[in-house]
Each structure stands twice: as structure tokens, then as C-alpha cells.
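For reference, the structure discussed in these notes is given below.
One-based numbering, in listed order, for ligands and for the atoms of each. All heavy atoms count here, side chains included; hydrogens, waters and symmetry mates do not.
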Amino acid sequence: MLSRQRRGELTAALPRCPPERGEPLADVLADVERHVVPGLTHWNQPGFLAYFASSASVPGILGEMLSAAFNVNGMLWRTSPAATELETVVLDWLRQLLGLPEGLFGVIHDTASASSLVALAAARQAVPGLDVRRRGLVGQARLRAYASEEAHSSIEKACIVLGVGQDGLRKVPVDAAYRMDPVALAHAVAEDRAAGWTPFAVTATVGTTSTTSVDPVPAIADVCESERLWLHVDAAYAGTAAILPERREVLAGCDRADSLVVNPHKWLFVPIDLSALYTRRPEVVRAAFSVVPDYLRAAEDAPNLMDYGVSLGRRFRALKLWMVLRAFGREGLEERLREHLRLASVFRADVERDPHFEVTAPTPFSVVCFRALFPDRDEATEDRLNEEILDAVNAGGEAFLSSTRLDLAPGSGPVPAPPRATDMPGRRSGPGGRDGRTVLRLAVGNIRTEERHVRRAWDRIREEAAARRS
Ligand code: PLP
């Protein structure tokens with residue numbers, strides 16, 4: 001599953017110069033088998049339980065193939081009306097599936113990183129009296145954005161790109177269940193205003209990368225409303241769970257967000273890359289990004305999606321999402337998402353039953369954070385042994401898991417009522433998860449994963465842990 005190719009192996013196997021004459025496709029395909037496939041880490045395998053899965057379902061693959069075959073560029077409505085209109089229709093379908101309010105404007109980007117960059121650029125555009133678009137940021141206000149210590153690194157990157165800088169992103173502490181503390185957020189904003197900063201945006205996360213915790217969006221929205229800050233919600237992974245009627249509450253408060261990102265290429269069986277950005281203020285996004293040179297002027301009164309992001313050229317990504325939604329339907333999607341939640345709870349129960357292991361975070365969705373315990377060893381050794389277990393399991397090829405670092409000291413912040421989740425008390429992460437202890441992460445999300453794959457992964461983990469105890 002995890003590629004066993006060594007660094008430089010593929011490079012060494014291929015000629016340094018391009019071919020002079022064309023070669024038969026059969027030869028090229030043979031080289032794909034010989035040289036490329038061994039260098040693949042198999043994201044489509046059912047034992048892929050690392051990071052957040054991205055799985056290619058059959059309708060998703062067909063949509064991708066058709067898109068390549070049509071080879072249209074949807075930069076303007078006229079350069080392929082179907083590309084723009086299908087994007088609009090399919091994002092409205094997805095909006096309905098997620099239970100988001102009517103009237104949201106949706107646009108597809110390649111990744112959540114790009115979606116969040118666009119959202120935060122719009123937030124910067126919305127700062128009154130700043131006009132960064134015309135004057136740039138140099139010598140103007142010191143802008144400040146907020147996100148929790150557990151927010152994804154793409155938010156930090158967006159701040160770097162937007163000239164806000166790493167110092168301009170204030171990381172808000174999290175509570176015992178790794179959720180942003182909204183009281184700390186309000187204090188931080190007040191403190192920053194007093195110190196001459198211009199607060200402008202808050203990113204709340206629904207489904208953080210390490211533990212899938214859900215920030216208290218309604219309370220964060222209150223702060224944003226009273227402080228007039230743009231609220232962006234990063235629901236890249238867990239937003240999809242709102243398709244399940246019994247999990248609708250994961251997006252509670254998101255109707256008050258200025259923008260929200262959800263990634264069908266994570267947990268909706270659409271092959272990478274497809275990220276959906278929704279906003280109730282499309283005119284601000286457009287004001288931030290639209291630059292129309294003469295050669296791109298179009299007579300029609302129609303939306304041109306090049307106006308809502310960085311890139312001019314736009315792939316026909318909507319097709320694969322449309323094909324997935326049609327082929328599975330709401331029922332098919334619900335069935336699969338529910339099964340993934342069940343598989344995670346089966347695994348969690350196995351870990352909880354074993355006294356040699358502990359679960360290290362709540363499990364609101366399909367990701368279980370846990371570690372093997374070696375009580376007679378010091379912390380550094382225990383961390384190293386967990387890393388060794390992970391490497392050994394991954395090297396075996398039957399399962400692929402990943403790890404993170406969490407501060408396992410009891411939390412000190414107030415703990416708001418948990419979302420409906422399998423919860424546990426008393427854990428807090430370190431800043432950005434960089435400090436803290438090694439924790440293993442089993443993430444269910446591949447469309448082909450069944451109970452036997454999760455059980456096999458657990459057997460392998462226990463075997464490797466036992467081998468290090470004896
Ligand atoms: N947001 C969250 C919560 C994530 O976990 C990730 C990646 O795992 C991202 C954003 C970035 O996603 P992408 O790879 O689509 O940029």
C-alpha cells in the first residue's frame with residue numbers, strides 16, 4: 001500500500017532526455033506498469049487508513065475521464081456553458097444535501113487550501129477603508145486573523161500569501177476536547193484591538209485534522225457578529241457528515257458563516273481534486289479577484305467563474321461530482337458515511353477494551369486517535385515505540401495509518417457541550433500539535449474499506465505492540 005520505491009529509483013530508471021521519436025503507446029503503458037505503479041502509494045486500497053482518505057469511486061473516475069476527453073476550459077460561461085452551469089447546479093445539490101441555507105453561491109477550487117485562500121482574500125477585501133486590492137498592504141493596517149491551535153496549516157499559508165503574515169494569525173487555545181475556546185477568542189480580539197491590530201477574520205474548523213474536533217461555530221459566530229469579523233468555516237473533511245440527517249448538527253451555526261469549504265475529494269468518494277467553496281457574499285469574492293483584460297470580455301450577462309479565484313483556466317471538475325451524486329443518490333451516500341462512522345466506533349471499542357492501549361481524543365466522526373501504552377518506559381521511549389509500531393504496520397503493506405502529536409495534559413479551558421459524539425474527558429493539544437505526545441490515527445474514509453480491513457489493521461497493531469513488550 002505504502003510505496004516501497006526508494007528515493008531516486010524512478011528517476012534513475014527513466015532516460016534523462018525526452019524521446020526523439022514517438023513511441024508506441026503499448027510501450028509507454030508497459031513502463032507505467034514497470035516504473036510508475038511501484039512508486040504509487042495506493043490511496044484507493046481498502047486498507048488505506050491514513051490522513052483523510054481520498055477514494056476514487058467508479059462514477060468519479062468516469063467523470064474525470066470524460067472531463068479530460070472533453071478538455072474544456074470553463075474560465076468564462078461562453079467557453080463552455082455546460083461547465084459553468086453544471087458547477088452551479090451540482091454545488092446547489094450538494095448545498096441541499098448538507099442542509100445549508102438557500103442562496104449560497106458555490107464555486108469549485110482544486111483544494112481546501114485554495115478555497116480558504118480565496119475566502120480569506122475576500123475577508124481582507126471586506127475590511128472597510130483598506131482597499132488592499134488597489135494599494136497593497138504595505139504601510140497599511142496590521143491585519144489579524146484567528147484560528148484555533150488545531151486549525152489546518154492551510155490557514156497559516158493563506159495568511160502568508162495574503163501579506164497578513166504568520167504573526168498576523170493568532171492561534172486561539174482549545175478546550176479539553178480540542179475545540180476553539182470562544183471566550184479566549186473574544187479576549188484575543190479585544191486585546192488585539194487595544195494593541196492597534198485590525199482583526200478581520202476568524203476560521204472555525206468543523207473536523208480538525210488531528211482529532212476531527214468541531215469548533216463551537218454558533219458561539220464563534222456571535223463573536224464575529226459583534227466584532228464585525230468575516231467567519232470562514234473549514235469543514236473540508238467533516239462537513240460531509242451533515243449529509244446524514246442524524247449528524248446535521250455538525251454544521252450548526254454555519255448558516256451564519258460568510259464562507260465555508262467542504263471537500264468532496266476527502267469523504268465524498270470524488271477523486272482528487274475537488275473542493276467546494278460556499279459564500280453568502282460572492283460580490284466580495286468577485287471584488288477581490290476580478291480582473292478582466294480586453295481579450296476576455298464577454299457580451300453575455302452570465303457569471304464567469306474565473307472571477308472567483310486565482311486561476312484563469314478552470315477544469316471541468318463539476319462533472320465528476322455530478323456523476324457521483326447521481327450514481328449514489330442521497331441514500332447511497334448516507335449508507336456509506338454511516339458505515340464509516342460505525343467502523344470507527346468498532347475500532348474504538350476494540351482499543352478501549354485493550355488495557356495496553358488508550359484512546360487519546362473524542363471520536364466525533366470516522367477517525368480514532370489512540371496509542372499503545374508502555375507504563376514502565378519514559379515518555380520519549382513510549383513515543384518512539386509507537387512510531388516503531390506505525391512504521392512496522394505500514395511496512396507490512398496490509399494497512400496504512402498515520403500519526404500526529406497531541407498534548408495529553410488535562411485541559412484547562414472551559415469545555416462547551418460536546419457535539420453528539422463519543423466523548424472523553426480531560427485532554428488538550430499543544431500549539432498546532434507540534435509539542436505533545438505521539439498518537440496514532442486510524443481514519444476510515446475509503447469507499448472500499450470494510451470491517452475486515454479495520455480488524456486486520458487492529459490485529460497488526462496489537463502484534464507489533466506485543467512484540468515490543470516481550
Ligand atoms: N482543512 C482541513 C481540516 C484538512 O484536514 C485539510 C487536509 O487534510 C485541509 C484543510 C487541506 O486540504 P487540501 O489538501 O484540499 O488543500
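Between His340 and Trp267, the ring planes lie parallel to each other; the angle is under 30°, not in the 30° to 60° tilted range.
A salt bridge links Arg455 with Asp350: at least one charged nitrogen is closer than 4.0 Å to a carboxylate oxygen.
Of the protein's non-hydrogen atoms, the one nearest atom 2 (C) of ligand 1 is Asp234 OD2, 3.5 Å. Among protein heavy atoms, the minimum distance from atom 14 (O) of ligand 1 is reached at Lys266 NZ, 3.9 Å. Protein heavy atom nearest atom 5 (O) of ligand 1, with residue, atom name and distance: Thr209 OG1, 2.8 Å. Counting only heavy atoms of the protein, atom 16 (O) of ligand 1 lies nearest to Ser113 OG, 2.5 Å.
Between Glu379 and the options Arg405, Arg371, Arg437, Arg384, a salt bridge (Lys or Arg N to Asp or Glu O under 4.0 Å) holds for only Arg437.
Residue contacts with ligand 1 do not include Thr208, since none of its heavy atoms lies under 4.0 Å from the ligand. Residue contacts with ligand 1 do not include Tyr237, since none of its heavy atoms lies under 4.0 Å from the ligand. Within the structure, ligand 1 has Ser154 among the residues with a heavy atom less than 4.0 angstrom away.
Pairing each heavy atom of Phe52 with each of Trp43, the nearest pair is O-CZ3, 3.6 Å.
The atoms of ligand 1 that sit less than 4.0 Å from any heavy atom of Ala236 are 1 (N), 2 (C), 10 (C). Applying the 4.0 Å criterion to heavy atoms of Phe52 picks out, from ligand 1, the atoms 5 (O), 8 (O).
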